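Keep in mind it's a predicted model, so treat the numbers as computed, not measured. One-based numbering along the sequence shown.
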Amino acid sequence: SEAQSEDVENKIWRWNVASNGTDSYVDVTINGSLEPWNGYFIKTLKDNIELTIPAPAGLDVFQPGLPPSFTPPILAPPIVRMPKAGEFELRFAFTSNSSADLTTSLGTRAEASVDYDGFDQSEPPRLKGTASAYFEHREWDANGERYNTDFKPTLDVGETANWTVVVFTDEPDAEMQLSWEDAIENISDDILVEFHKADGEEAWRDMRSEKFVQISSGARRAKVSYE
């Protein structure tokens with residue numbers, strides 16, 4: 001669900017160390033469980049918030065071990081928000097030599113506002129030597145300046161909207177790719193989607209024809225904005 005309280009954002013993140021060497025944050029909110037010996041990130045919206053995680057029922061009499069015949073219960077499917085008319089979402093995959101950011105999304109929602117609201121989720125903390133993609137909103141100074149999602153109101157025919165996505169790494173000599181290849185197939189053909197570097201030195205390019213861009217970090221680090 002995209003509902004959000006006034007105290008905390010509705011996402012819980014964990015840094016996942018992948019066997020293939022491409023580490024990234026993963027959203028663990030949907031399965032409703034926290035695993036021991038893992039670190040988690042959640043963004044508070046007020047000062048002095050106290051988070052209480054209740055102990056599982058029956059913990060005092062718990063006996064480890066399960067019989068071979070045990071069949072785990074089937075989990076209820078996660079709540080899926082059905083899109084409304086005029087809504088869309090475009091998710092990016094930003095990958096480098098050793099890490100990835102796979103959760104950065106832009107789009108429209110019927111209930112969204114131009115300013116910060118519950119549809120705009122904070123970017124998880126950036127770790128040293130990793131790649132991250134985010135939306136920068138310094139005008140939303142009450143809630144930080146880097147956001148993992150940026151949703152605007154739905155558009156009428158003929159209207160336009162602009163987003164600026166920032167890609168960053170402090171990993172030297174990294175070869176990176178910002179891709180929207182999988183997500184672009186879900187965007188209606190009657191929506192024109194284009195991009196260029198935010199410095200204005202490039203012409204607009206069709207995101208259906210070009211579905212990714214390659215980026216090199218150089219000797220120290222790289223920070224590039226695309227609109």
Side-chain angles (χ1 to χ4, degrees), residues 9 11-31 35 37-43 88-107 120-138 140 143-151 162-187 193-227:
E9 289 189 352
K11 295 284 186 183
I12 300 177
W13 301 97
R14 176 176 64 84
W15 183 253
N16 181 57
V17 179
S19 59
N20 63 3
T22 304
D23 306 337
S24 65
Y25 275 107
V26 293
D27 176 7
V28 299
T29 310
I30 57 174
N31 65 15
E35 299 295 331
W37 312 112
N38 283 284
Y40 296 90
F41 165 78
I42 186 170
K43 175 67 180 293
F88 73 90
E89 180 173 352
L90 183 67
R91 175 168 290 197
F92 296 95
F94 183 47
T95 56
S96 73
N97 308 58
S98 60
S99 65
D101 187 341
L102 308 176
T103 60
T104 308
S105 297
L106 63 79
D120 305 314
Q121 299 289 318
S122 299
E123 174 76 358
R126 190 164 59 209
L127 304 181
K128 182 177 176 58
T130 62
S132 61
Y134 54 88
F135 304 96
E136 203 165 62
H137 285 287
R138 297 182 179 178
W140 297 346
N143 300 291
E145 62 182 46
R146 293 195 296 269
Y147 290 83
N148 185 59
T149 58
D150 187 357
F151 286 94
N162 282 32
W163 287 264
T164 301
V165 59
V166 180
V167 296
F168 176 89
T169 188
D170 58 356
E171 182 182 359
D173 302 316
E175 294 299 322
M176 300 166 289
Q177 182 184 87
L178 178 67
S179 172
W180 49 91
E181 184 172 8
D182 295 334
I184 196 68
E185 304 301 327
N186 300 321
I187 305 297
V193 280
E194 297 179 317
F195 79 101
H196 70 170
K197 275 190 176 180
D199 59 16
E201 296 181 1
E202 293 183 346
W204 289 97
R205 294 142 69 182
D206 181 14
M207 296 180 71
R208 299 184 193 276
S209 300
E210 299 184 51
K211 299 180 181 180
F212 62 87
V213 290
Q214 299 292 141
I215 306 162
S216 298
S217 67
R220 298 188 64 184
R221 67 176 193 170
K223 181 179 180 181
V224 185
S225 299
Y226 290 93
E227 187 175 28

How far apart are the closest heavy atoms of [X] and [Y], and which atoms are they?
| X | Y | answer |
| --- | --- | --- |
| Asp170 | Gly129 | OD1-N, 2.7 Å |
| Leu90 | Ala183 | CD1-CB, 3.7 Å |
| Ser217 | Ala222 | CA-CB, 3.5 Å |
| Ala174 | Asn97 | CA-OD1, 3.2 Å |

Distance in Å, [X] [atom1] paired with [Y] [atom2], rounded so as to fall on 0.5 Å steps:
| X | Y | atom1 | atom2 | answer |
| --- | --- | --- | --- | --- |
| Ile184 | Met207 | CD1 | CE | 5.5 Å |
| Gln121 | Asn148 | CD | CG | 8.0 Å |
| Leu127 | Ser24 | CG | OG | 11.0 Å |
| Lys11 | Ser122 | NZ | OG | 12.0 Å |
| Tyr134 | Phe94 | OH | CZ | 10.0 Å |

Exercise. Checking side chain to side chain contact (heavy atoms under 4.5 Å, CB included) for the pair His137/Glu145: CA distance, chi angles, key distance, verdict?
Worked result: CA-CA 5 Å; His137 285 287; Glu145 62 182 46; 5.9 Å; no
Are [X] and [Y] side-chain neighbours, meaning at least one heavy-atom pair lies under 4.5 Å?
| X | Y | answer |
| --- | --- | --- |
| Arg126 | Arg146 | yes |
| Phe135 | Leu106 | yes |
| Thr169 | Lys223 | no |
| Thr130 | Asp23 | no |
| Ser98 | Glu171 | yes |
| Leu178 | Tyr226 | yes |
| Glu123 | Tyr147 | no |
| Val167 | Met176 | no |

For this session: Give the intermediate values and the outcome of side-chain hydrogen bond (donor to acceptor under 3.5 Å, both in side chains) for residues Asp120 and Thr149.
Result: CA-CA 5 Å; Asp120 305 314; Thr149 58; 5.1 Å; no
Problem set entry | Test side-chain hydrogen bond (donor to acceptor under 3.5 Å, both in side chains) applied to Ser105 - qualifying residues, sequence neighbours left out |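 Counting only residues at least two positions away or on another chain, Ser105 forms a side-chain hydrogen bond (donor to acceptor under 3.5 Å, both in side chains) with Glu89, Arg91.
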For this session: Could you list the residues that satisfy side-chain hydrogen bond (donor to acceptor under 3.5 Å, both in side chains) with Thr104, not counting sequence neighbours?
Result: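 Per chain and number, Thr104 pairs via side-chain hydrogen bond (donor to acceptor under 3.5 Å, both in side chains) with Asp101.
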Would you say the side-chain atoms of [X] pair up with the backbone N or O of [Y], donor to acceptor, closer than 3.5 Å?
| X | Y | answer |
| --- | --- | --- |
| Ser179 | Phe212 | no |
| Asn162 | Glu227 | no |
| Ser99 | Ala131 | yes |

Exercise. Does Lys197 have any salt bridge (charged side-chain N to carboxylate O under 4.0 Å, His left out) partners at least two apart in sequence or in another chain, and if so, which?
Worked result: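 In terms of salt bridge (charged side-chain N to carboxylate O under 4.0 Å, His left out), with neighbours along the sequence ignored, Lys197 is linked to no residue.
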For this session: Would you sort out whether Trp204 and His196 count as a side chain to side chain contact (heavy atoms under 4.5 Å, CB included), showing the intermediate values?
Result: CA-CA 5 Å; Trp204 289 97; His196 70 170; 3.4 Å; yes
Exercise. So Gln177 and Val213, side chain to side chain contact (heavy atoms under 4.5 Å, CB included) or not? Walk me through it.
Worked result: CA-CA 6 Å; Gln177 182 184 87; Val213 290; over 6 Å; no
Got a sec, which residues hit side-chain contact (heavy atoms from CB on, under 4.5 Å) with [X], two or more places apart in sequence or on another chain?
| X | value |
| --- | --- |
| Glu185 | Lys211 |
| Phe41 | Trp13, Lys43, Pro124, Pro125 |
| Glu210 | Phe195, Arg205 |

